Amino acid sequence: MPRIHLLATGGTIASRRGPGGLASVTPAADLLAAAGPLDGLTVTSSDLRTVGSFALTTADLRELVTEVRRCLAEDVDGVVVTHGTDTMEESAFLADLVHDDPRPVVVTGAQRPFDSPAPDGPRNLADALRVAAAPVARDAGVLLCFDGLAFAARGVRKVETLRSGAFAAPGRGPVLRVDGEAVTALARPVRGPALPLDLKAELPRVDVVPLYLGADDALLRAAVTAGAAGVVLEAFGAGNATPAVAAAAAGLVAGGTPVLVCSRVPSGPVAPLYTGGGGADLARDGAVLAGDLSAWQARLLLAAALAVAPHDPLAVVRDHLSTGNPTPHRLDGEQG
Ligand code: ASP
């Protein structure tokens with residue numbers, strides 16, 4: 001019988017209403033009990049923390065990934081992590097960047113609290129446990145399971161603040177569907193090579209600088225003053241910036257600080273199209289266009305790349321972008 005370990009970290013799935021607002025207080029054993037009977041599975045559980053994911057730090061994230069590895073070192077077939085939805089796509093992505101094990105790690109959570117009259121957490125957890133035990137999830141890396149679908153870590157985003165279908169992978173779609181005990185493959189995620197990241201060492205600081213109409217270079221300069229070793233621009237459209245930000249980014253690259261370019265648009269890749277502050281100028285001046293990665297996943301990729309290859313982080317970034325960016329092979333016509 002497949003043996004799965006549940007590692008709980010908090011989030012709405014564990015939250016109850018209190019005088020000050022929702023608080024993540026429910027332990028893993030109670031989450032598991034609420035998920036109902038899980039015939040054919042043996043599930044063990046433990047609590048790493050009970051916290052809203054908006055309060056997590058990158059140090060917490062390294063600790064989480066370390067703990068996932070410790071769980072995998074036990075005799076288990078997969079690990080499920082319950083986590084707040086706000087930063088779930090970041091935790092899943094960093095865990096996936098270093099995951100070099102065929103056994104799945106499946107992250108899940110909820111949009112409605114544990115004490116809601118109609119909670120979505122119990123079903124999401126039951127689905128995630130089924131996915132973690134499913135042979136089709138082997139070699140798929142870290143997955144995010146929510147509302148009956150599982151997504152590859154790379155490219156998944158929270159797209160709804162309150163509704164139960166909280167996640168999507170724009171332009172990519174889900175990789176698995178869960179209907180009760182049936183887990184069906186829709187597409188196979190293609191992933192970059194696992195990075196040999198030392199999880200004991202602090203990640204270098206990388207900041208995300210958003211573009212908005214008329215943006216000057218003040219935030220970019222502030223990031224560097226705060227100690228950023230790299231910067232991700234959350235640029236307009238297909239990867240364009242204001243002339244002021246583009247000029248400041250060129251200065252950073254010339255001074256040895258890597259700059260990645262993502263888009264504030266939820267779907268589609270960035271491209272070197274426009275001059276006058278656009279993506280063509282950014283690419284010409286040495287910024288790296290980061291495909292369809294979200295700015296916050298790109299931030300973790302750049303931080304990990306700076307940690308594993310301080311003298312040539314962009315080689316790691318480019319390698320990851322080229323091997324992890326093919327069109328997924330779809331097994332049916334489903335789109336997420
Ligand atoms: N809305 C969040 C959740 O679903 C809060 C958090 O990220 O912890 O859990």
Side-chain angles (χ1 to χ4, degrees), residues 6-35 45-65 67-68 79-96 105-129 131-132 142-170 174 178 203 208 234 266 294-297 299-300 336:
L6 164 63
L7 178 63
T9 70
T12 298
I13 192 170
S15 293
R16 293 175 183 271
R17 265 163 236 285
L22 291 170
S24 305
V25 291
T26 314
D30 293 5
L31 301 182
L32 200 50
S45 68
S46 60
D47 292 283
L48 181 61
R49 56 183 73 237
T50 47
V51 71
S53 73
F54 44 80
L56 294 173
T57 64
T58 51
D60 297 331
L61 183 44
R62 288 187 286 111
E63 188 190 0
L64 168 58
V65 179
E67 185 61 14
V68 165
V79 172
V80 168
V81 177
T82 51
H83 192 290
T85 55
D86 289 356
T87 61
M88 190 183 282
E89 68 215 58
E90 286 160 82
S91 295
F93 182 71
L94 187 79
D96 190 54
V105 172
V106 186
V107 189
T108 194
Q111 288 284 69
R112 295 187 291 279
F114 186 77
D115 60 1
S116 153
D120 55 334
R123 177 182 161 213
N124 283 345
L125 178 54
D127 286 354
L129 291 163
V131 168
V142 177
L143 299 169
L144 189 156
C145 182
F146 222 89
D147 200 35
L149 297 169
F151 303 90
R154 179 169 170 178
V156 69
R157 292 176 170 224
K158 189 170 183 182
V159 293
E160 290 282 350
T161 53
L162 296 172
R163 290 178 53 210
S164 49
F167 288 90
V178 196
L203 282 170
V208 175
E234 195 183 17
S294 70
W296 34 101
Q297 289 195 341
R299 166 185 171 257
L300 291 170

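Remember, it's 1-based here, ligands and their atoms both numbered in the order they're listed. What you see is a predicted model, and the numbers here were worked out from it, not measured in a lab.
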Carefully, step by step, assess Val107 and Ser91 under the rule side chain to side chain contact (heavy atoms under 4.5 Å, CB included). CA-CA 9 Å; Val107 189; Ser91 295; 5.8 Å; no
Assess the residue pair Thr58 and Arg299 against the criterion (side chain to side chain contact (heavy atoms under 4.5 Å, CB included)); give the C-alpha distance rounded to whole Å, side-chain angles, the decisive distance to 0.1 Å, and a yes or no. CA-CA 11 Å; Thr58 51; Arg299 166 185 171 257; 3.6 Å; yes
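Counting non-hydrogen atoms of neighbouring residues, nucleotides and ligands closer than 6.0 angstrom, the CZ atom of Arg163 reaches no more than 12 such neighbours.
The minimum heavy-atom distance linking Asp120 with Gln111 is given by the pair OD2-N, 2.9 Å.
The immediate protein surroundings of ligand 1, defined as residues with any heavy atom under 4.0 Å of it, consist of Gly11, Thr12, Gly52, Ser53, Phe54, Gly84, Thr85, Asp86, Ala110, Lys158.
Contact annotation: the side chain of Trp296 approaches that of Glu234 to within less than 4.5 Å [non-hydrogen atoms, C-beta and beyond]. You'll find the side chain of Phe167 reaches within 4.5 Å of the side chain of Thr85, heavy atoms only.
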